[in-house]
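Data block below; observations after.
The chains referred to below are lettered A, B, ... by the order of the sequence lines, with proteins before strands, and numbering in each begins at 1. Predicted model only: the values in this text are computed from it and were never measured.
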Amino acid sequence: MKDKVIDITAYIGRDLKSRIAVREFYDKISNEQRTTVKIDFRNVNFASRSFMDEFYNIFIANVDMNVELINLSAEIEAMLDAVKSTQHRPKNSANRISSHHDDIRFSSIAEANKYLEALPFS
Amino acid sequence: MEINVFENIGEKFLQGLEGVLRLIDRINQSDDEEDILIFQNNIFVTPLFILPLLVYVSGSKKRIRYQFTNSYLDKIRFGSGGIKPEELEFSALHHLLEKYSAKTYIPIIDFPTDQKYIRERNEILSAVENLLSNQIRLQPNITAGLKYLIEESVDNIIEHSDSKRGYIFGQSYPSKKYMDICMADNGITLLGSYCKMEENKITDHLSAMKAANFGISTKNLTGAENRGYGIRTSKKMLVDGLSGNYVMLSGNALYLKSKTIERFMVLPDIATWQGTIVAMRIPYVNASFNYIDFVE
């Protein structure tokens, strides 16, 4: 099928917010049996990191889909670069969880509140 | 037992949480199957009081009822647990929210997390963001940050909580130039979410809280660790970018983060929430803030 320009905001709205929205958008494109698509971001107002991460994995990293993105704003471009650069982060997380030794445990609510009241946190 | 609630929460952010903890203590001192929380007329409460209380009550084994004539609690729809957007026609919902355009708060919104309500949820969240933004005439750079902070928290509820409902409630303080936003769910907690992972080694609420705040997602793709940036980036944006404060509660674990403080805490077992709560104090005057500078 010939590729056509798809205005993403016509499917999702001007704010691109959730992972679930990407999956729904993908289902719609797939139902139209398109494997080559040009997606237009011209009218996008905002995109969350979660949205762009899901979009990257479902559309851009998808070998079965040939996608071209057009009219990306500087913000959307920066968000896309951020998610691209963090796709393969080293897994050193378990060490970080166990390395903290200054956890605070309260045996009563009175004790917890006394601590919270004294904390300069506002 | 009848429990009188006299809370008058001041400007210190954690006072709301302290108030809820006091109530939980009193509820647990009662042997009755049912307790009635009687809110006095002259109380003043904040989002970090209201949503943790709602989530605690909904997860409590006891029957807990509210009694109040306080008009603020009435206006924020506290008694009914919040506005359920899917029960209203969209025009009726907009009309209802318009009534709050001259206020400094939004009502409690109790939104569905199901995929079939994606459009309704997006519309209501956009309406909430616009309402908050317009009420205090936020600059566009702060509005973008606010959207980011709300959307990442809501997306975590949808993706991880297994909760059928999510809650959002916000209050601005124009003379102080900050707003408090709280988002919550009554789902499986962070720990429950990690326990669903294959080869999970996280077995307590505190470890789950640390894992979430160190950016370890429960849904990473095989061979990659590309998720889990939402909370980390939100905190960076809020704390480093806007000098705000971040609070997270899940199970009996409590996490606090500000520019000068970072604490992981374990509350007594009686203070265990069946769900996850995120609260943020967001200072909203900052001409140089750009949310994209904090995305990693």
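Neither the backbone nor the side chain of B/F294 comes within contact range of chain A, judged by heavy atoms closer than 4.5 Å. Proximity to chain A is limited to the side chain of B/Y291, based on heavy atoms less than 4.5 angstrom apart. For chain A, the nearby parts of B/L21 are the backbone and the side chain; heavy atoms of each come within less than 4.5 Å. Using a 4.5 Å cut-off between heavy atoms, A/E117 contacts chain B through both its backbone and its side chain. At a 4.5 Å heavy-atom cutoff, B/V154 makes no contact with chain A through either its backbone or its side chain. Interface remark: A/D81 contributes no atoms to any contact with chain B (heavy atom separation under 4.5 Å). Contacts between B/Q115 and chain A at a heavy-atom distance below 4.5 Å involve backbone atoms as well as side-chain atoms. Residue B/I150: no heavy atom, backbone or side chain, is found under 4.5 Å from chain A. Residue contact with chain A, scored on non-hydrogen atoms closer than 4.5 Å, involves the side chain of B/I118 exclusively. In this structure, the portion of A/Y115 lying under 4.5 Å from any heavy atom of chain B is its side chain and not its backbone. When heavy atoms are compared at a cutoff of 4.5 Å, B/K257 approaches chain A solely by way of its backbone atoms N, CA, C and O. Heavy atoms of B/R121 lying under 4.5 Å from chain A belong exclusively to its side chain. Heavy-atom distances place the side chain of B/T233, and not its backbone, under 4.5 Å from chain A. Using a 4.5 Å cut-off between heavy atoms, B/E129 contacts chain A through its side chain alone, with no backbone atom that close. Residue A/A74: no heavy atom, backbone or side chain, is found under 4.5 Å from chain B.
Of the residues considered (A/S50, A/G13, A/P120, A/A82), A/S50 shows the highest number of contacts with chain B, using heavy-atom pairs under 4.5 Å. Between chain A and the residues B/Q15, B/E11, B/K259, B/R22, the most heavy-atom pairs under 4.5 angstrom are made by B/R22. The residue among A/S108, A/A112, A/S107 with the most heavy atom pairs within less than 4.5 Å of chain B is A/S108.
Between A/F59 and A/Y26, the distance from one ring center to the other falls under 6.0 angstrom.
Listed by chain and number, the residues in a ring pair (Phe, Tyr, Trp, His ring centres under 6.0 Å) with B/Y148 amount to none (sequence neighbours excluded). Applying the side chain to side chain donor-acceptor pair (under 3.5 Å) test to B/D180 and every residue at least two apart in sequence or in another chain returns B/R281.
The main-chain N or O of A/N43 is found under 3.5 Å from a side-chain atom of A/R14 such that the two form a donor-acceptor pair. For the pair B/N141 (side chain) and B/N290 (backbone), a donor-acceptor distance under 3.5 Å is absent. B/S161 places no side-chain N or O within 3.5 Å of a backbone atom of B/D185 that could act as its donor or acceptor partner. Using a distance-only test at 3.5 Å, with no hydrogens or angles considered, a donor-acceptor pair links the side chain of B/K12 to the main chain of A/L119. At distances below 3.5 Å, not a single donor-acceptor pair connects side-chain atoms of A/D53 with backbone N or O atoms of A/R49.
Here the side chains of B/V266 and A/F106 are not in contact, with every heavy-atom distance at 4.5 Å or above.
Around atom CD of A/E77, more than 12 heavy atoms belonging to other residues, nucleotides or ligands sit under 6.0 Å away.
The minimum heavy-atom distance linking B/I231 with B/M248 is given by the pair CD1-CE, 3.7 Å.
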